[in-house]
Visitor: 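The structure follows.
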There are 2 protein chains.
Amino acid sequence: MQGIKELLNKKGHKATPARLAIINIFKNNKKPISAEEVYKNLKTKLKNINVTTIYRNLSSLSSEGILRKVDLKKDFDLFELNEDHHHHIVCTDCNKIESFKNKEVENLLNTIIKKSNNFKQIKEHSFEIFGLCKACSK
Amino acid sequence: MQGIKELLNKKGHKATPARLAIINIFKNNKKPISAEEVYKNLKTKLKNINVTTIYRNLSSLSSEGILRKVDLKKDFDLFELNEDHHHHIVCTDCNKIESFKNKEVENLLNTIIKKSNNFKQIKEHSFEIFGLCKACSK
DNA sequence: TTCTACTTGCAAGTAATTTGCATCTATGTT
DNA sequence: AACATAGATGCAAATTACTTGCAAGTAGAA
């Protein structure tokens, strides 16, 4: 937690209780979660915490690269810690989420960008899989 | 346009002017577009057309597999014809969209699903690239 | 031509996220 | 340790994309 405070200050942000608690939730949760889930979790720890604060922090932490927004075809945004790049397989029935890493994806990106006429620089990419988990595909 | 009408009827849907016009827009437009864009385009052709009709048709055409929803990190949904599976590279500055196909992606999906403990059946996937196009990366 | 299920337009409703503003508080500086 | 201030927060209201209810319209089978 020491490093986080300094990191935040370096970026011109204050290490407020709300912000530290939010980061902490993500440190302890390895699945993408929504603003509402963060809020429910925080309410028990910080009296008077407001959803707006969650939204604002998720947004700023994401643009600083501490969090990352994940697109899993929900009608709300999901976030996770922006550490060790990985992707997800999501069960469209029960919402189980499995993470995976794959270095082939990087090679693929390189191949694709080389072939492109209009692009030469990739900033980010999405690669998410949707299916049925074993329990739900019976 | 003949086949479309029969296809719709077969699925229990009527070939209404609005629905045919919407499909036509997608036939003539090879980039993902939003409900609002479809609406703007249609207003000039069908007097009295309502956005609600667009939304309802985009939704039903998508669940029938005629259209497909595309996730390009916008705050609105984008749709395109659900023909020849492909992916996109999007310029985060000017929104230029380039399409590409890549058969390696299929192999990758197979490899990944084989390694998974919890999943064995893939229904769909997203693979989209975000970067700067040559014009915007100067 | 008639019947009926599917469609549409319009108005009102949702739900997630954002914004305005007054108040508050970490943090660098005395 | 007290101060000043840029950045944070809470609350309420606003935004935006999209959905729903309902009465009236229409395509398509018989």
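For the numbers below, each heavy atom of this structure counts, side chains included, while hydrogens, waters and symmetry mates do not. Chain naming here is simple, since letters A, B, ... match the order of the sequence lines and numbering starts at 1 in each.
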Visitor: Between A:Ile54 and A:Gly12, which residue's closest nucleotide on DNA chain D lies nearer the 5′ terminus?
Guide: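 The residue mapped nearer the 5' terminus is A:Gly12.
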
Visitor: Tell me whether the OP1 or OP2 atom of D:dT19 has a side-chain N or O from B:Tyr55 closer than 4.0 Å.
Guide: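 For D:dT19, OP1/OP2 do not have a side-chain N/O of B:Tyr55 under 4.0 Å.
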
Visitor: Rounded to whole Å, please give me the gap between CG in B:Asp77 and C1' in D:dT19.
Guide: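 Rounded to whole Å, this separation is 12 Å.
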
Visitor: Rounded to the nearest angstrom, tell me the gap between atom CD1 in B:Ile22 and atom C1' in C:dT7.
Guide: 11 Å

Visitor: What integer distance in Å separates A:Lys43:NZ from D:dC11:C1'?
Guide: 15 Å

Visitor: Tell me whether A:Lys73 forms a cation-pi arrangement with A:Phe130, defined as NZ or CZ under 6.0 Å from the six-membered ring centre and within 45 degrees of its axis.
Guide: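 Relative to the ring axis of A:Phe130, which defines the angle, A:Lys73 lies inside both limits.
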
Visitor: For D:dG28, does either OP1 or OP2 sit under 4.0 Å from a side-chain N or O belonging to B:Lys5?
Guide: yes

Visitor: Have a look at B:Phe76 and say if it touches a base, only the backbone sugar-phosphate, or nothing, with a 4.0 Å heavy-atom cut-off.
Guide: sugar-phosphate

Visitor: Rounded to the nearest 0.5 Å, what separates atom CD1 in B:Ile22 from atom OG1 in B:Thr16?
Guide: 7.5 Å

Visitor: Answer yes or no: side-chain N or O of B:Arg56 and base N or O of C:dG9 forming a donor-acceptor pair under 3.5 Å.
Guide: yes

Visitor: Is it true that B:Lys27 and B:Glu83 have a side-chain N and a carboxylate O under 4.0 angstrom from each other?
Guide: yes

Visitor: Between C:dT7 and B:Lys14, counting only base atoms on the nucleotide and side-chain atoms on the residue, is there a donor-acceptor pair under 3.5 Å?
Guide: no

Visitor: Rounded to whole angstroms, how far apart are CD1 on B:Ile49 and P on C:dT7?
Guide: 13 Å

Visitor: Side chain of B:Thr16 only, please: which of C:dA26, C:dT7, D:dG10 is the nearest?
Guide: C:dT7

Visitor: Please state how far atom NZ in B:Lys74 lies from atom C1' in D:dC18, giving the value in whole angstrom units.
Guide: 19 Å

Visitor: Has B:Asn50 got a side-chain N or O lying under 4.0 Å from the OP1 or OP2 atom of C:dT8?
Guide: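 Result: no.
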
Visitor: So which of A:Ile25, A:Asn29, A:Leu67 actually passes side chain to side chain contact (heavy atoms under 4.5 Å, CB included) with A:Leu81?
Guide: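 It is A:Leu67; the other options fail the test.
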
Visitor: For D:dG10, take OP1 and OP2 only and decide whether either is under 4.0 Å from a side-chain N or O of A:Asn48.
Guide: no

Visitor: Hey, which sits more toward the 5' end of DNA chain D by its nearest nucleotide, B:Asp75 or B:Asn9?
Guide: B:Asp75

Visitor: In whole angstrom, give the distance that lies between atom CD of A:Glu37 and atom P of C:dA15.
Guide: 17 Å

Visitor: Which nucleotide, D:dG28, C:dT18, C:dG9, lies nearest any side-chain atom of A:Thr52?
Guide: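 Ranking D:dG28, C:dT18, C:dG9 by closest atom to the A:Thr52 side chain puts C:dT18 first.
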
Visitor: Rounding to an integer number of Å, can you tell me how far B:Tyr39 OH sits from C:dC10 P?
Guide: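 The distance from OH of B:Tyr39 to P of C:dC10 comes to 8 Å, rounded to the nearest Å.
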
Visitor: In whole Å, I'd like the distance from the NE2 atom of B:His13 to the P atom of D:dA29.
Guide: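 After rounding, the gap between these two atoms is 14 Å.
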
Visitor: So, do B:Phe119 and A:Leu132 sit near enough that their side-chain heavy atoms are less than 4.5 Å apart?
Guide: no

